[in-house]
Amino acid sequence: MNKYRTHNCNELRKKDVGSKVLLSGWINKKRDHGNLLFIDLRDNFGITQCIIDKENSSFSKLEKIQLETVIRIEGNVVNRSTETINKEIDTGEVEISIDNFKVLGTCQELPMPVFSDQEYAEEIRLKYRFLDLRRKKIHENIILRSKVISFIRNEMNRLGFLEYQTPILTSSSPEGARDFLVPSRLNPGKFYALPQAPQQFKQLIMVSGFDKYFQIAPCFRDEDARADRSPGEFYQLDLEMSFVEQEDVFNIVEKLLVNTFKEFSKKELIFDKFPKISYKDALLKYGTDKPDLRNPLIINDVTEIFLRDDVSFDIFKKLVKLGSNVRCIVTKNTKNNPRSFFDGIDKWAKDQGASGMAYFTLEKEKSISAKGPVGKFFSEDSLKELMKKTNAEVGDSIFFACGKLKELQRITSLARDKIANELKLIDDNSFAFCWIVDYPMFEEDEQTKKIKFSHNPFSMPQGDIDKINFKKPLEILAYQYDIVCNGIELSSGAIRNHIPELMYKLFSIAGYEKKQVDEKFSGMINALSYGAPPHGGIAPGIDRIVMLLANEKNIREVTMFPMNQNAQDLMMNAPSEINEDQLKELSLSLRLKK
RNA sequence: GGGGGUGUAGCUCAGUUGGUUAGAGCGAUCGCCUGUCACGCGAUAGGUCGAGGGUUCGAGUCCCUUCACUCCCGCCA
């Protein structure tokens with residue numbers, strides 16, 4: 001018999017009454033009645049109430065013991081009387097009458113309570129993460145994460161994928177995020193980079209003939225954190241397939257995600273078959289390439305209305321002449337909303353750095369008119385035209401924003417969320433997935449005006465290769481796609497370019513000479529020259545999937561040992577200084593800014 | 001790099017227009033209590049009001065600087 005326990009803390013039931021048991025766990029809570037003491041003993045599995053009275057010689061020792069001390073309890077399982085049954089816990093019909101106990105791990109006064117639903121400052125949670133992780137919600141999140149990963153592994157195997165590991169110490173790549181660098185002792189002055197993703201390796205795996213690859217892969221990017229973005233490291237379900245087209249990847253990933261989300265969440269999936277939205281359409285209708293499709297509001301471009309002579313809204317008209325656009329959001333049947341709702345949106349838009357949002361409500365008595373501060377500037381004809389363009393009806397309201405395209409997209413996208421939240425149009429009990437497709441291969445760098453890759457340089461351009469017009473690179477679309485769920489970007493992927501000549505051609509447009517490509521991507525370009533299969537893949541973010549399933553807004557709530565926003569591990573004190581000998585061995589010297 | 005928010009007891013927070021000795025709940029310590037499950041009751045200890053400077057007769061409160069945490073922008077193929 002194990003010397004610590006015969007049962008865990010969630011095991012004992014009515015049928016066990018009368019048996020002698022050993023339980024080990026943490027003291028979750030004590031209720032001391034002076035002559036009678038209740039102890040809630042907790043472990044990973046649950047809670048069991050234990051009880052001892054003054055007759056017992058251990059009573060006074062147990063009475064003094066700190067919460068969160070680890071003890072072993074020896075006692076008898078006894079029935080609880082009907083009125084003392086606790087339905088909140090699985091073991092609530094019984095309790096342990098304590099014979100004796102033993103301290104297995106002492107506990108000092110706690111820096112933060114474990115048994116509490118209170119929220120704590122992250123600083124203290126991260127410093128004492130081992131205490132924080134004992135708390136119910138986050139403990140369950142981490143277990144969920146494990147189960148999700150294990151489920152995904154099984155599904156991938158079932159779908160014919162095999163898991164292969166790829167190197168953690170690899171080479172720095174010029175495109176993309178900032179690399180984490182690791183100095184090489186054996187090669188003074190040279191550095192490894194931690195992989196931003198196993199992108200090149202998974203393509204090499206395809207060239208090596210393995211057909212279907214996946215990996216729950218750690219990825220490292222030295223970029224600033226966000227609520228949904230860990231600094232430093234995160235995990236992707238990295239996958240790649242040979243001899244596939246875009247649709248083949250879509251079919252596999254849709255199946256996988258639908259199964260995973262149905263397995264682990266009770267929320268409704270609005271679409272089993274994910275709608276496909278082109279990048280261009282997404283920016284117009286939603287102002288962003290990661291739209292929340294639970295939100296029914298749609299953005300319309302109505303710039304043309306402001307070129308009409310019977311519209312006299314001069315502020316917008318002037319801006320339109322100077323190259324601005326006007327876009328609007330229609331809210332259904334909001335004619336009776338209070339003035340404060342409309343002004344609130346306008347004020348909010350100003351707080352977001354926009355020049356505000358104009359609005360009016362469509363009304364009809366004898367003729368159609370617009371009611372609101374700027375309503376008088378619109379003729380009935382122009383209103384009819386507007387209604388036709390936007391599907392607005394009498395009783396609806398329209399919010400307008402005017403600006404240069406990028407800024408306009410930003411503010412209308414935010415406004416779409418804001419207005420929908422105000423009107424409670426978003427059903428939080430559902431998941432809305434979509435594909436964003438047809439990303440442009442290239443884009444213009446706003447500052448340098450140079451052409452650069454807009455996403456992944458290894459993506460395959462769309463269309464017949466012989467007919468691609470390289471003279472107009474900004475018009476070339478790529479077989480590049482993203483998955484978005486509830487406004488969160490879950491993954492991006494592509495059909496890859498496996499043709500070396502085409503690769504050189506595309507890199508030359510982005511300003512790389514053949515020699516540079518050979519140097520920087522020698523492994524890849526070399527491999528593509530020795531018989532590469534057409535291939536493609538995608539890499540859904542594991543942390544974000546678990547975040548959605550756990551209904552959390554912050555990625556640290558589903559990460560066991562996260563770093564803080566400044567990329568520091570407060571528990572392990574990383575990063576830390578290293579000594580002179582270590583530096584010397586690596587042929588490094590520090591040049592710190594003062 | 002930039003913008004917003006927060007910082008008061010071990011933890012979560014209150015603290016009015018600048019005005020006497022900075023408070024509460026939880027936790028800790030001590031005492032009382034035999035059926036609780038957020039047990040109850042009483043007492044005690046516990047404070048560089050993030051730090052530095054300034055204004056003032058007087059600063060937790062106003063001003064300046066700075067630090068930490070957090071959210072956002074930039075960044076993240």
Side-chain angles (χ1 to χ4, degrees), chain A residues 28-42 47-56 59 63-64 66-68 78 80-89 91-92 95 97 107-128 131-132 173-179 196-197 199-200 219-232 234 351-353 406-407 410 414 439-443 446-447 452-459 478 480 482 489 492-494 496 506-507 510 539 541 553-554 556 563-566 568 570:
Chain A
N28 193 57
K29 193 71 190 167
K30 284 190 300 187
R31 290 175 294 281
D32 188 352
H33 291 229
N35 292 310
L36 181 72
L37 172 66
F38 295 97
I39 288 183
D40 289 342
L41 198 67
R42 183 196 75 237
I47 286 176
T48 302
Q49 174 166 283
C50 307
I51 183 165
I52 187 168
D53 70 21
K54 208 161 193 175
E55 304 301 303
N56 192 304
F59 182 86
E63 207 181 15
K64 295 279 176 276
Q66 272 276 359
L67 294 184
E68 294 304 310
V78 297
R80 293 208 207 180
S81 62
T82 327
E83 65 277 11
T84 61
I85 285 173
N86 183 353
K87 285 177 183 154
E88 302 291 309
I89 55 176
T91 60
E95 61 194 5
S97 172
C107 181
Q108 300 178 343
E109 187 179 342
L110 295 164
M112 56 178 275
V114 171
F115 172 70
S116 166
D117 292 330
Q118 258 173 18
E119 305 260 0
Y120 307 103
E122 286 223 67
E123 196 170 359
I124 195 139
R125 293 183 57 195
L126 294 183
K127 182 164 182 195
Y128 297 97
L131 292 179
D132 191 35
S173 66
E175 285 282 324
R178 208 174 285 116
D179 285 316
Q196 296 177 18
Q199 178 64 39
Q200 293 191 59
C219 304
F220 306 90
R221 295 177 193 174
D222 188 3
E223 297 294 350
D224 289 353
R226 287 288 182 277
D228 64 351
R229 204 164 82 202
S230 289
F234 60 97
D351 289 344
Q352 300 303 310
K406 278 244 158 143
E407 171 57 19
R410 184 184 76 86
L414 290 171
Y439 276 83
M441 189 81 213
F442 299 100
E443 64 187 12
E446 276 185 69
Q447 271 142 31
K452 60 174 193 180
F453 288 109
S454 71
H455 259 68
N456 183 329
F458 303 122
S459 298
Q480 165 91 42
D482 276 13
E489 183 189 323
S492 72
R496 321 295 174 185
L506 295 170
F507 266 99
K553 291 205 160 51
N554 193 301
R556 293 186 294 275
M563 298 199 283
N564 70 7
Q565 199 170 41
N566 293 326
Q568 298 159 339
L570 299 176

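Naming: A, B, ... by sequence-line order, numbering from 1 per chain.
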- Taking N and O atoms by type only, does the side chain of E109(A) place a donor or acceptor under 3.5 Å from a partner on the base of rG46(B)? no
- Query: What about R229(A): does its side chain form a donor-acceptor pair under 3.5 Å with the base of rC75(B)?
  - Reply: yes
- Message: If you only use heavy atoms from C-beta on, which nucleotide in rU36(B), rG1(B), rC71(B) is closest to the side chain of N554(A)?
- Response: rC71(B)
- Assigned partner base of rG1(B), Watson-Crick or wobble definition, under 3.5 Å: rC73(B)
- With a 3.5 Å cut-off and just heavy-atom distances, do the side chain of Q49(A) and the base of rU36(B) make a donor-acceptor pair? yes
- Query: Can a side chain N or O of K30(A) be found less than 4.0 Å away from OP1 or OP2 on rA28(B)?
  - Reply: no
Distances for protein N/O vs nucleotides 2-7 of chain B N/O pairs under 3.5 angstrom?
none

- Item | Counterpart base for rU66(B), defined by Watson-Crick or G-U wobble contacts under 3.5 Å | rG50(B)
- Message: When you measure only distances, ignoring hydrogens and angles, does the side chain of R80(A) come within 3.5 Å of the base of rU36(B) through a donor and an acceptor?
- Response: yes
- Query: In whole angstroms, how far is the P atom of rU70(B) from the CD atom of Q568(A)?
  - Reply: 9 Å
- Query: Which of these passes side-chain hydrogen bond (donor to acceptor under 3.5 Å, both in side chains) with D40(A): K29(A), R31(A), K30(A)?
  - Reply: R31(A)
- Distance-only donor-acceptor test, R410(A) side-chain atoms vs rC73(B) base atoms, 3.5 Å: no
